[in-house]
Visitor: 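Below you'll find the structure I mean.
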Amino acid sequence: MSKNWAHVDVNTIPSIKTATLPGPKSVEYHSRAAKYMKGYSSQVQLFPVAFDSGFGYTLTDVDGNKYIDFSSGIYVTGLGHCHPKISEAVAKHAKQLMNCHDFTTEIKMQLMEKLHEATGGKFGGFQLYDSGTTAVEAGLRCARAATGKAEFISFWRDFHGKTLGANSLAVVGADTHMRAPGFVLAPRPNPYRDAFGRTPEEAMKDSTPYIRHLEGMLDNEMSCGGKNVAAIVLEPIQGWGGSVVPPDDFMPKLRDLCNRRGILLFADEVLTCMARTGKILAMDHWNVTADITTLGKGFGNGFPVTAMCVSKELAPAIEKISASSSYGGNPMACAAALASIEVIEEENLCQRSLELGELFLKRMGEMKDRHKIIGDARGKGCLLAMEIVKDKDTKEPFVDGGKMIYQKAFSKGLAWVPSGHILRLSPPMILEDDAALKGLDIIEEAVEETEKYFGY
């Protein structure tokens with residue numbers, strides 16, 4: 001299969017056919033659905049378009065308008081919408097065997113062997129699920145079963161899911177008061193907004209204050225002087241929090257802390273895995289291996305398949321937690337995941353992700369220098385973000401500005417992801433350079449119009 005399967009003449013995209021966006025069919029379809037469907041994401045609330053199809057790095061709505069996609073669903077279709085190899089693999093097994101609980105199938109056997117190889121032989125046990133949240137919950141139960149300990153430390157503005165245990169690892173929306181007992185949050189490095197008052201340049205060089213803070217929490221805030229902490233849980237690079245990349249010394253120092261204190265390290269890579277940051281696992285950027293790792297989103301390129309991976313030492317603990325699920329590891333899911341790993345390897349998409357990241361960061365840095373309301377531009381590989389502020393000195397979040405930029409860019413034909421004043425970019429790794437630059441042109445036009453509207 002040609003690596004150029006998704007090629008589109010950049011002069012033909014975006015293609016806007018209706019006088020307004022969302023178009024009339026989108027308005028009608030969304031209105032009818034929204035009578036019953038509740039709890040839409042901010043993406044949909046701010047721009048309620050109804051999509052019809054996707055191809056490569058483009059999306060087409062029900063009115064025939066075509067968009068450049070900088071969202072990949074939401075970090076999901078990193079290999080492109082409807083990749084032929086992945087679609088064919090799913091279709092084959094949809095016709096052959098859709099589910100047989102957790103019995104072994106040939107395609108599951110092949111996936112297990114490939115996943116072990118692709119992750120460098122780091123893990124001694126896998127279990128498959130149908131959502132990232134479920135995989136995280138399984139990881140929490142596995143940590144407790146392996147250690148006999150009950151408590152967890154996680155970090156400000158990380159995101160781990162929406163069920164009780166996973167949500168207790170985070171602060172998300174109105175659910176902050178619903179955190180379960182035994183879950184405690186700590187500050188994590190964010191060089192742009194350093195918790196210890198340092199400049200971004202200073203903060204990017206040294207994460208020691210955060211490690212010291214964790215030590216203090218273990219000694220003074222956790223029960224039994226920290227001896228009841230089963231795991232420290234984190235996203236290697238924040239997603240919902242705005243593509244925040246930690247200093248290079250943070251993960252090695254965190255690994256050392258966990259080793260010294262007898263605590264497991266749990267890396268939630270649901271968002272960061274499968275070439276999104278330029279590696280199969282984002283933790284590989286720092287040559288650090290977690291005891292528990294969760295995979296998802298891009299793992300099946302849109303098909304709902306996720307995984308919990310544990311070290312060889314922890315593998316027996318999986319047997320203690322009734323780990324299987326109704327849909328996890330069904331033949332269609334295994335086919336999607338196996339084909340996705342093969343596509344990443346065949347099309348050299350880890351390298352392509354890094355190349356695109358360099359292109360995006362260069363252009364985003366130039367935009368930051370030109371515009372008063374872009375406070376920060378950051379990321380790694382195809383996990384990127386811009387932070388919109390009212391003033392570069394005070395760094396006050398500019399939520400209304402962020403919303404307007406998102407809506408204006410979407411109305412010009414760019415599909416992407418908001419998060420308040422943070423605008424997230426998660427383009428598919430098969431994106432071509434000219435389309436990437438055109439999408440960035442659209443964003444800059446939206447920034448210029450927003451600045452003008454607010455009098456900058």
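Being a predicted model, the structure only gives us computed values, none of them experimental.
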Visitor: Taking ring-ring contact (aromatic ring centres under 6.0 Å, His included) as the criterion, tell me which of Trp416, Phe410, Tyr406 meets it with Phe47.
Guide: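 Between Phe47 and the candidates, ring-ring contact (aromatic ring centres under 6.0 Å, His included) is satisfied uniquely by Phe410.
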Visitor: Under the criterion side chain to side chain donor-acceptor pair (under 3.5 Å), which of His81, His7, Glu432 is the partner of Tyr57?
Guide: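 Considering His81, His7, Glu432, a side chain to side chain donor-acceptor pair (under 3.5 Å) with Tyr57 is found only for Glu432.
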Visitor: Determine whether the aromatic ring centres of Tyr327 and Tyr129 lie less than 6.0 Å apart.
Guide: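 Ring-ring flag for Tyr327/Tyr129: false, centres at least 6.0 Å apart.
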Visitor: Got a salt bridge between Glu342 and Lys85, using NZ or NE/NH1/NH2 to carboxylate O under 4.0 Å?
Guide: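 Between Lys85 and Glu342 there is a salt bridge, with a charged N closer than 4.0 Å to a carboxylate O.
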Visitor: For residues Pro428 and Thr77, report the shortest heavy-atom separation together with the two atoms involved.
Guide: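 For Pro428 and Thr77, the tightest heavy-atom pair comes out as CB-O, 3.7 Å.
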Visitor: If we count only N and O atoms by modelled type, under 3.5 Å, do the side chains of His83 and Glu347 hold a donor and an acceptor together?
Guide: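 Per modelled atom types, His83 and Glu347 side chains form a pair under 3.5 Å.
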Visitor: Testing the 3.5 Å rule here: is there a donor-acceptor pair between the side chains of Ser207 and Asp249?
Guide: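 Asp249 and Ser207 do have a side-chain donor-acceptor pair below 3.5 Å.
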Visitor: Looking at Lys438 and Asp433, is there a salt bridge between them, counting it only when a charged N and a carboxylate O are closer than 4.0 Å?
Guide: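 No.
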Visitor: Work out which heavy atom in Met222 is nearest to a heavy atom in Val229; give both atom names and the distance.
Guide: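 Shortest heavy-atom contact: CE-CG2, 3.9 Å.
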Visitor: Is it possible for you to check whether Arg157 lies under 6.0 Å from the centre of the six-membered ring of Trp240, through NZ or CZ, and within 45° of that ring's axis?
Guide: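 The answer is yes, since Arg157 meets both limits relative to Trp240.
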Visitor: Measuring from atom CZ of Arg378 to atom CG of Leu361, what distance do you get when rounded to the nearest 0.5 angstrom?
Guide: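 Result: 11.0 Å between the selected atoms.
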Visitor: Is there a donor-acceptor contact under 3.5 Å linking the side chains of His285 and Thr277?
Guide: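 Note: His285 and Thr277 side chains meet the donor-acceptor criterion.
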Visitor: Assess, by modelled atom type and distance only, whether the side chains of Thr272 and Glu269 contain a donor and an acceptor separated by less than 3.5 Å.
Guide: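 There is such a pair (donor and acceptor under 3.5 Å, judged by atom type) between the side chains of Thr272 and Glu269.
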Visitor: Kindly state whether the ring of His30 and the ring of Tyr40 have centres lying under 6.0 angstrom apart.
Guide: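 Under 6.0 Å, so yes.
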Visitor: Before we go on, tell me: are the rings of Phe55 and Trp5 under 6.0 Å apart, centre to centre?
Guide: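 Aromatic pair counts; centres sit under 6.0 Å.
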Visitor: Would you say that more than 12 heavy atoms from the other residues, nucleotides or ligands in this model lie under 6.0 Å from the NZ of Lys253, or not?
Guide: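 Yes, the 6.0 Å shell around NZ holds more than 12 heavy atoms from other groups.
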Visitor: For Asp291, is there an ion pair with Arg255 - N to carboxylate O distance below 4.0 angstrom?
Guide: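 Counted as a salt bridge, because a side-chain N and a carboxylate O are separated by less than 4.0 Å.
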Visitor: Are Arg363 and Glu444 within salt-bridge range, i.e. N to O under 4.0 Å?
Guide: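 Yes, this pair counts.
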Visitor: Is the distance between the ring centroids of Phe51 and Tyr67 under 6.0 Å?
Guide: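 Ring centroids of Phe51 and Tyr67 are less than 6.0 Å from each other.
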Visitor: Any salt bridge between Asp256 and Arg261, counting N to O under 4.0 Å?
Guide: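 Salt bridge: no.
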Visitor: Any donor-acceptor pair under 3.5 Å linking the side-chain atoms of Asp63 with those of Thr18?
Guide: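 Side-chain D/A pair, Thr18 to Asp63: absent.
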Visitor: Look at Lys25 together with Glu28 and state whether they make a salt bridge at an N to O cut-off of under 4.0 Å.
Guide: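 No salt bridge links Lys25 with Glu28.
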